[in-house]
Amino acid sequence: MAAYRLWWTTRFLLRLTFKETSLSRGVWCELFKAVRGHASMSAPWAAHGGLISHYDSLVCSGSLQEDDQQRAALLQLEQLNKVMTDYTNIPILLPQPKDCLHRQPTPELKNNTSKVNLCSPEEKMSNEKEGRDVDNIQKESPKPHPPHGYYIHGDVGTGKTMLMDLFYSFVENRRKRRVHFNAFMLDVHRRIHKLKQSLPKRRIGKMTMYDPIFPVAMEIAEETCLLCFDEFQVVDIADAVILKQLFEGLFKCGVVVVATSNRPPEELYKNGLQRTAFVPFIGVLKEHCHTVSLDTGIDYRTREMEAAGKLYYISSEPDAENAVNTLFEELAYRQNDVTRPRVLNMQGREVTMSRTCGTIADCTFQELCERPLGAGDYLEIARQFDTVIIRNVPHFRVGMKDQARRFTTLIDNFYDQKVRVVILADAPLHRLLDQGPMTGGEARDRLMIDELGLTDEASERLTLFTADEEVFAFQRTISRLTEMQTEQYWKSWDRSRT
């Protein structure tokens, strides 16, 4: 206990001295290390070791800037880290009436210890009594209540992903999974489709309803007890309509969720189609996850960092096209391959990349964002290539919703998979999105609103006529592209060096 008091007292004095005097960061760090090394690791302060100590070392080295909100969030994540070390949600104990489809619909579920409940309404009614009996047995041997997760939200560049990744790296639990939310939902839809394909054929004259969402949640829960989501956002109605049931299933099966997002829970799927059906999910999320806000107003990605040479070119600049050509040749020279087209097989579809060399892809904006490609396609491109050149990136206008949405999804996946990018665009990065006057099509939409007699409030709720979500997400894209041009990002994720 004495070591604990000594360490915290000395640390407070050092921090106060650091603020009030001209001590350099290096001197403060050396003093901090000396004090930290003097205390026994068995002292109570070591409980704050791990995450907090590592964060302090990153601040001392200059890799991070001291941020009180980040520290407060890490203190909460550290508490969850302690719990997750010994936590498990296995076995999953849920009511399972014995006559309900013990037919193991997918290979993934075939060896599960839990039986999957795919009962039709008739089967559920006939087994209602037995279900209650199993429920009573479960109550007699209750499992520990799952810990609450965390939903961390804030503006772009405030360190949300960094905090979650730091937490994830320190969790000593093998049944954990860190995934971009887009990739997770693609996996969920694939599982649902596979499960539906495995169900028995519907009998003529008899309507039987099967619900695949909860069994998919159980399948995921069998694989992991901790899910860490980066960029939790909902823009697709196909995702919105299943989230409540999916996450209710995950939480009932004891899965703990830690997520980052640019939006607070109440603003998820803002202005989305059929949002009233989505709103109950917000309550489920808040019931099982503590909400943490990072609202410092600082975008740490835009702080002064050494640039990795010229990686963003403007088409109007002299010789910009030639410079990008030269850069491609230099990168391709290091590859054990020839420059050639390449066909990627994506979910049963073939997508041709017109110019590639090894792990380098030279693409146009039209190839990537004006074809019907989605998050799954971009994820596969990111797996195949570590460096992508994107030419002909336009000066985005508000009316270019589809292209802007695809470009945002593209950069999100590239950033998450640590792909290096070179851009040839029609406008500077900070002016890539033009929120100017309405185009002719938007003016016609506005005229139709007036003719329908809709109020301004009603029209703002129609996603068809607004681009708020795209503008909001594009701010994240600009921030990420800024970081992706730095020397630190470019060198850190050079796969050819690993």
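All figures in this text were calculated on a predicted structure; none of them were measured in a lab.
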Salt-bridge test for [X] and [Y]: reply yes if a basic N is under 4.0 Å from a carboxylate O, no otherwise.
X: Asp402; Y: Arg405; result: yes
X: Glu248; Y: Lys244; result: yes
X: Arg191; Y: Glu222; result: no
X: Arg371; Y: Asp377; result: no

Enter the distance from [X]:[atom1] to [Y]:[atom2] here, rounded to the nearest 0.5 Å.
X: Lys418; Y: Met484; atom1: NZ; atom2: CE; value: 9.0 Å
X: Ile242; Y: Ile192; atom1: CD1; atom2: CD1; value: 4.0 Å
X: Glu266; Y: Leu285; atom1: CD; atom2: CG; value: 9.5 Å
X: Gln70; Y: Gln65; atom1: CD; atom2: CD; value: 8.5 Å
X: Thr260; Y: Ile152; atom1: OG1; atom2: CD1; value: 7.0 Å
X: Glu223; Y: Ile90; atom1: CD; atom2: CD1; value: 10.0 Å

Backbone N/O of [Y] and side chain of [X]: donor-acceptor pair under 3.5 Å:
X: Tyr489; Y: Val419; answer: yes
X: Thr85; Y: Asn81; answer: yes
X: Asp299; Y: Ser479; answer: no
X: Tyr87; Y: Gly254; answer: yes
X: Lys160; Y: Ala259; answer: no
X: His430; Y: Ile478; answer: no

Modelled atom types, side-chain donor and acceptor of Tyr378 and Gln417, under 3.5 Å: no
Distance-only polar pair, side chains of Asn262 and Gln475, donor-acceptor under 3.5 Å: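 No, because no side-chain N or O of Asn262 sits under 3.5 Å from a partner of the opposite role on Gln475.
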Looking at every heavy atom in both [X] and [Y], which two are closest together, and how far apart are they?
X: Leu294; Y: Gly159; answer: CD1-C, 4.3 Å
X: Ala183; Y: Leu379; answer: CB-CD2, 3.9 Å
X: Met400; Y: Pro394; answer: CE-CG, 3.7 Å
X: His153; Y: Pro265; answer: CD2-CD, 4.3 Å
X: Leu432; Y: Ala427; answer: CD1-O, 4.0 Å
X: Ile298; Y: Thr158; answer: O-CG2, 3.5 Å

Thr88 and Cys225: CA distance, side-chain angles, deciding distance, side-chain contact (heavy atoms from CB on, under 4.5 Å) verdict: CA-CA 6 Å; Thr88 182; Cys225 65; 5.6 Å; no
Where at least one partner belongs to residues 167-186, residue pairs that pass salt bridge (charged side-chain N to carboxylate O under 4.0 Å, His left out), sequence neighbours excluded: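 Sorted result for residues 167-186: Asp165-Arg178, Arg177-Asp187, Arg178-Asp230, Arg178-Asp416.
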Do [X] and [Y] come within less than 4.5 Å of each other through their side chains, counting heavy atoms only?
X: Val255; Y: Ile220; result: no
X: His189; Y: His193; result: no
X: Leu64; Y: Met162; result: yes
X: Phe247; Y: Leu250; result: yes
X: Tyr269; Y: Leu243; result: no
X: Leu163; Y: Val292; result: no
X: Met185; Y: Val234; result: no
X: Pro264; Y: Thr291; result: no

Ring pair (Phe, Tyr, Trp, His ring centres under 6.0 Å) between Phe396 and Phe365, worked out: CA-CA 12 Å; Phe396 290 91; Phe365 178 83; 5.5 Å; yes
Candidate pair Tyr415 and Glu483, rule side-chain contact (heavy atoms from CB on, under 4.5 Å), full reasoning: CA-CA 9 Å; Tyr415 182 86; Glu483 181 182 348; 2.8 Å; yes
Which residues share a salt bridge (Lys or Arg N to Asp or Glu O under 4.0 Å) with Glu231, sequence neighbours left out: Arg476, Arg480
Geometric class of the His54/Phe170 ring pair [parallel <30°, tilted 30-60°, perpendicular >60°]: tilted
Phe232 and Tyr151 aromatic ring geometry - parallel, tilted or perpendicular at 30°/60° bounds: perpendicular
Residues, nucleotides or ligands: over 12 heavy atoms within 6.0 Å of His290 NE2: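 More than 12 heavy atoms, drawn from other residues, nucleotides or ligands, come within 6.0 Å of this atom.
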Within 6.0 Å of CZ in Arg431, more than 12 heavy atoms from elsewhere: no
Contacts of Asp236 that satisfy side-chain hydrogen bond (donor to acceptor under 3.5 Å, both in side chains) - sequence neighbours left out: none
